[in-house]
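Both counts, for ligands and for their atoms, begin at 1 and track the order of listing.
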Amino acid sequence: MHNQPFTFELPKQGGIPSEYDNHLVRRLSSMRGMYRDHAAYEALLSQGDPVHYEVYEIKRPEVAGELLQGVSVIHPGKVGNEYFMTKGHFHQVLETGEVYYCLSGQGMMVMETPEGDWSVQEFCPGQVLYVLPRWAHRSVNTSLTQDLVFFFAYPGNAGHNYGTIEQQGFRKLIVESNGAPLVVDNPHWKHR
Ligand code: S6P
Ligand code: ZN
């Protein structure tokens with residue numbers, strides 16, 4: 001870990017950062033129950049267990065005052081008519097926000113609060129997206145040919161709460177309809 005201020009490079013066309021400490025790989029098998037079409041999920045999984053998305057993290061102490069940074073790469077594809085996406089989470093410390101900067105590809109960020117607000121923002125290269133404190137967030141790759149690649153930074157003490165989303169899902173889903181992304185209600189969403 002650095003003990004002096006440091007720089008690193010982010011390739012403008014996407015790709016991996018010039019330095020990182022941790023490479024997290026999420027395969028399709030870790031997404032069970034996250035997609036609406038369970039039969040399509042099992043059918044895809046039976047053909048193999050492809051890498052779904054990857055996160056390159058720069059390690060810093062997980063304390064307030066530090067910023068945790070890295071790059072996520074979401075590969076293209078669909079489960080049924082839903083585009084490949086991240087699991088999504090609330091931060092454990094709910095009052096912590098996050099900044100995203102899109103490097104390549106195209107996508108959408110699906111967000112919601114415990115109070116019932118929701119928001120879906122399109123996400124394309126050059127755009128900064130600010131996720132306010134309290135908002136759960138999931139990124140969706142709405143291209144079927146290109147990776148979605150973005151830089152992120154969030155407070156060191158934020159932590160991750162995956163359980164709430166695993167149990168209740170997000171209120172909104174992003175599906176392909178006539179070749180384009182469409183925001184629809186999640187029929188299985190339930191408040192727990
Ligand atoms: C962390 C930040 C991202 C995600 C990454 C994978 O707070 O939001 O680094 O961890 O994009 O998503 P997820 O939902 O599997 O953590
Ligand atoms: Zn986050």
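The residues lining ligand 1, counting any heavy atom closer than 4.0 Å, are Arg26, Tyr53, Val55, Ser72, Thr86, Lys87, Gly88, His89, His91, Glu98, Tyr100, His137, Phe150, Phe152, Tyr154, His160, Tyr162.
Expressed to the nearest 10°, the angle at the Zn ion (ligand 2) joining OE1 in Glu98 with NE2 in His89 is 170°.
The salt bridge (Lys or Arg N to Asp or Glu O under 4.0 Å) test with Glu112 is passed by exactly one of Arg134, Lys172, Arg171: Arg171.
Judged by distance alone, with hydrogens and angles left aside, the side-chain atoms of Arg27 form no donor-acceptor pair with the main-chain N or O of Pro50 at under 3.5 Å.
Using cut-offs of 30° and 60° on the angle between ring planes, the pair His91 and His160 is perpendicular. Under the 30°/60° scheme for interplanar angles, the aromatic rings of Tyr162 and His89 are found to stand perpendicular.
Qualifying side-chain contact (heavy atoms from CB on, under 4.5 Å) partners for Leu45, counting only residues two or more places apart in sequence or in other chains: Leu28, Ser29, Arg32, Tyr41, Glu42, Asp49.
Distances from the Zn ion (ligand 2) show that His137 has an N/O/S atom below 2.8 Å.
In the hydrophobic clustering, Leu182 connects to Leu173, Val175, Val184, either directly or through intervening members, whenever side-chain heavy atoms lie under 4.5 Å apart. In this structure, Val25 shares a hydrophobic cluster with Val51, the cluster being traced through Ile, Leu, Val, Met, Phe, Trp and Tyr side chains under 4.5 angstrom apart.
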